[in-house]
Amino acid sequence: MSVPVISVLAAAAALGIGYGYAWTITPIVFGLTYAIAALGVSVMARAGQVSFGHAMYACISAYTVAFVARAYPDADALVLIAAGVAASFAAALLVGSFVVRYRGIFFGMLNLALSMVLFALLGKLYTLTGGSDGLRIARPTLAGLAMERESFERALLLLSLLLSLLLAWWVQRYFRSGSGQALSAIKTNETRIEYLGFSAYLIMWKGYLLSAVVVGVSGALLALIQGLVTPEIGSWLRSGEFVFITILGGAGHAAGAFLGAICFETVKLASSAYFPGLWQFVLGLTLILVIFLFPNGFVGQFMKRKGARA
């Protein structure tokens with residue numbers, strides 16, 4: 001069975017579970033926001049670059065949703081999502097213009113440093129951002145329809161699933177395109193890319209912009225499902241979780257982010273329930289086991305077996 005078919009079936013199953021058991025909607029949407037963010041991080045992982053600060057784009061998007069919702073109370077949820085993604089894109093245009101000049105640990109640490117600056121500012125500018133208490137968001141209309149909480153959450157679940165499938169298709173198509181192949185080539189031999197007449201800087205910048213936009217979608221959805229935005233959305237711990245999921249799932253295919261998110265959320269919820277004082281240990285042990293058993297993540301192992309059968 002192909003990955004696209006499995007993805008559609010998984011989305012249908014999540015939708016069925018959400019509509020059948022209302023209490024599962026919020027955990028599912030939360031998991032999808034993590035998966036979408038990890039999908040964005042995996043774009044840069046294709047070039048061998050790991051960002052420890054990409055949660056700042058989710059945070060920028062989430063706070064933009066809050067600011068726009070407060071300035072325009074009648075704004076629709078779709079407009080709020082578009083505004084949040086646009087803000088993430090604008091921020092990435094500026095930040096990416098100099099961050100993509102660096103590689104390896106310097107790339108990761110620069111992103112981390114910038115995210116920590118943003119986190120600190122959001123906490124200090126209390127009159128504007130609400131500080132650590134954050135900003136509440138009144139439930140907006142969705143596609144022009146005013147809904148009660150349960151109906152809104154169900155509609156948001158459907159929207160999150162549709163956006164997840166669309167973004168996975170978009171990112172996978174990018175991976176297979178000339179730009180995506182060039183981005184992967186940077187990981188193996190950047191000098192050869194330059195000799196062939198391509199600009200490694202522009203290739204990295206385009207990949208960075210795509211990465212930020214995808215992460216921005218996750219931040220906007222998270223703001224809407226929570227009804228609250230806080231600086232924690234952009235913390236370095238959140239960025240670390242995105243990287244964790246990316247490693248678990250693997251960056252070889254867009255589906256890796258979603259496989260990693262499923263594993264991450266399952267282990268996190270189960271360990272929190274049965275080992276409340278040791279859930280971080282269980283998560284860390286899971287990552288170690290995956291690295292030893294599946295160096296390229298779950299999707300890498302799947303593709304390896306598929307290639308062996310062929």
Side-chain angles (χ1 to χ4, degrees), residues 30 33-45 49-71 80-137 167 204-246 257:
F30 266 69
T33 63
Y34 273 86
I36 292 172
L39 181 64
V41 172
S42 69
V43 173
M44 299 314 300
Q49 309 305 313
V50 178
S51 171
F52 294 101
H54 253 48
M56 66 178 163
Y57 293 112
C59 192
I60 290 170
S61 180
Y63 270 91
T64 300
V65 168
F67 291 147
V68 175
R70 286 177 165 238
L80 296 177
I81 292 173
V85 173
S88 295
F89 178 76
L93 278 173
L94 176 63
V95 174
S97 63
F98 68 90
V99 167
V100 297
R101 298 178 185 274
Y102 300 90
R103 302 289 182 268
I105 191 64
F106 301 104
F107 176 84
M109 290 298 103
L110 270 175
N111 280 284
L112 174 61
L114 290 169
S115 71
M116 292 179 70
V117 170
L118 176 64
F119 177 80
L121 285 174
L122 292 173
K124 297 296 183 181
L125 301 176
Y126 184 84
T127 55
L128 179 64
T129 65
S132 59
D133 295 331
L135 298 174
R136 290 201 170 274
I137 304 172
L167 290 171
M204 282 285 293
W205 194 34
K206 290 178 181 177
Y208 192 87
L209 292 176
L210 172 60
S211 178
V213 165
V214 174
V215 176
V217 173
S218 76
L221 290 174
L222 182 62
L224 291 175
I225 190 65
Q226 284 190 154
L228 173 72
V229 294
T230 65
E232 295 302 320
I233 296 175
S235 68
W236 67 272
L237 285 173
R238 187 65 60 91
S239 292
E241 288 176 338
F242 296 161
V243 174
F244 190 107
I245 293 170
T246 302

* Asked: R238 and I233: which non-hydrogen atoms are nearest, and at how many Å?
  -> CG-O, 3.5 Å

* Return the minimal non-hydrogen interatomic distance between A55 and S235, and the atom names on each side. => CB-O, 3.9 Å

* Report the C-alpha separation of V43 and V41 in whole Å, then their side-chain angles, then the decisive distance to 0.1 Å, and conclude whether the side-chain contact (heavy atoms from CB on, under 4.5 Å) test is met. => CA-CA 5 Å; V43 173; V41 172; over 6 Å; no

* Structure fact -> Value for CE (M109) from OG (S51), rounded to nearest 0.5 Å, stands at 9.0 Å

* M44/M204 under side-chain contact (heavy atoms from CB on, under 4.5 Å): CA gap, chis, key distance, verdict -> CA-CA 8 Å; M44 299 314 300; M204 282 285 293; 3.5 Å; yes

* Structure fact -> Interatomic distance, CZ@R136 vs OG1@T230, rounded to 0.5 Å, equals 10.5 Å

* **Listed partners of S42 passing side chain to side chain contact (heavy atoms under 4.5 Å, CB included), at least two apart** => L39, F175, T246, A251

* Can you list every ring-ring contact (aromatic ring centres under 6.0 Å, His included) pair that touches residues 84-118, not counting sequence neighbours? -> none

* Check S218 against T33 and note the closest heavy-atom contact, atom names and distance. => CB-O, 3.1 Å

* Could you state the interatomic distance from CG (L237) to CZ (F244), rounded to the nearest 0.5 Å? -> 13.0 Å

* Asked: Should S115 and F52 count as side-chain neighbours, where that means a heavy-atom distance under 4.5 Å?
  -> no

* Structure fact -> Residues A69 and I137: closest non-hydrogen pair is CB-CG2, 3.9 Å

* May I ask you to decide if A58's main-chain N or O and S61's side chain share a donor-acceptor pair within less than 3.5 Å? => no

* To do: Name all residues meeting the ring-ring contact (aromatic ring centres under 6.0 Å, His included) criterion together with F30; count only those two or more places apart in sequence or in a different chain, and write none if there are none.
  => none

* Chi angles and distances behind the side-chain contact (heavy atoms from CB on, under 4.5 Å) call for I81, L224 -> CA-CA 9 Å; I81 292 173; L224 291 175; 3.7 Å; yes

* If we only count heavy atoms from C-beta on, is the I60 to T64 side-chain gap below 4.5 Å? -> yes

* **Candidate pair L228 and L135, rule side-chain contact (heavy atoms from CB on, under 4.5 Å), full reasoning** => CA-CA 6 Å; L228 173 72; L135 298 174; 5.7 Å; no

* Structure fact -> Nearest heavy-atom contact between P231 and C59 is O-SG, 4.4 Å

* Inter-residue atom distance S88.OG - M56.CE, 0.5 Å rounding -> 10.0 Å

Only distances under 3.5 Å count here; give the side-chain donor-acceptor pairs of residues 205-212 to other protein atoms, sequence neighbours excluded, each with its distance to 0.1 Å.
from, atom 1, to, atom 2, distance (Å)
Y208, OH, Y57, OH, 2.7
Y208, OH, N111, OD1, 2.6
S211, OG, G40, O, 2.5
S211, OG, H54, NE2, 2.8

* Asked: Is the closest side-chain heavy-atom distance between I225 and L221 below 4.5 Å?
  -> no

Under 3.5 Å, side-chain donor or acceptor atoms of residues 122-134 against the rest of the protein: list the pairs with distances, not counting sequence neighbours.
from, atom 1, to, atom 2, distance (Å)
T129, OG1, L122, O, 2.5
T129, OG1, L125, O, 2.8
T129, OG1, G131, N, 3.3

* Test side chain to side chain donor-acceptor pair (under 3.5 Å) applied to E241 - qualifying residues, sequence neighbours left out -> Y34

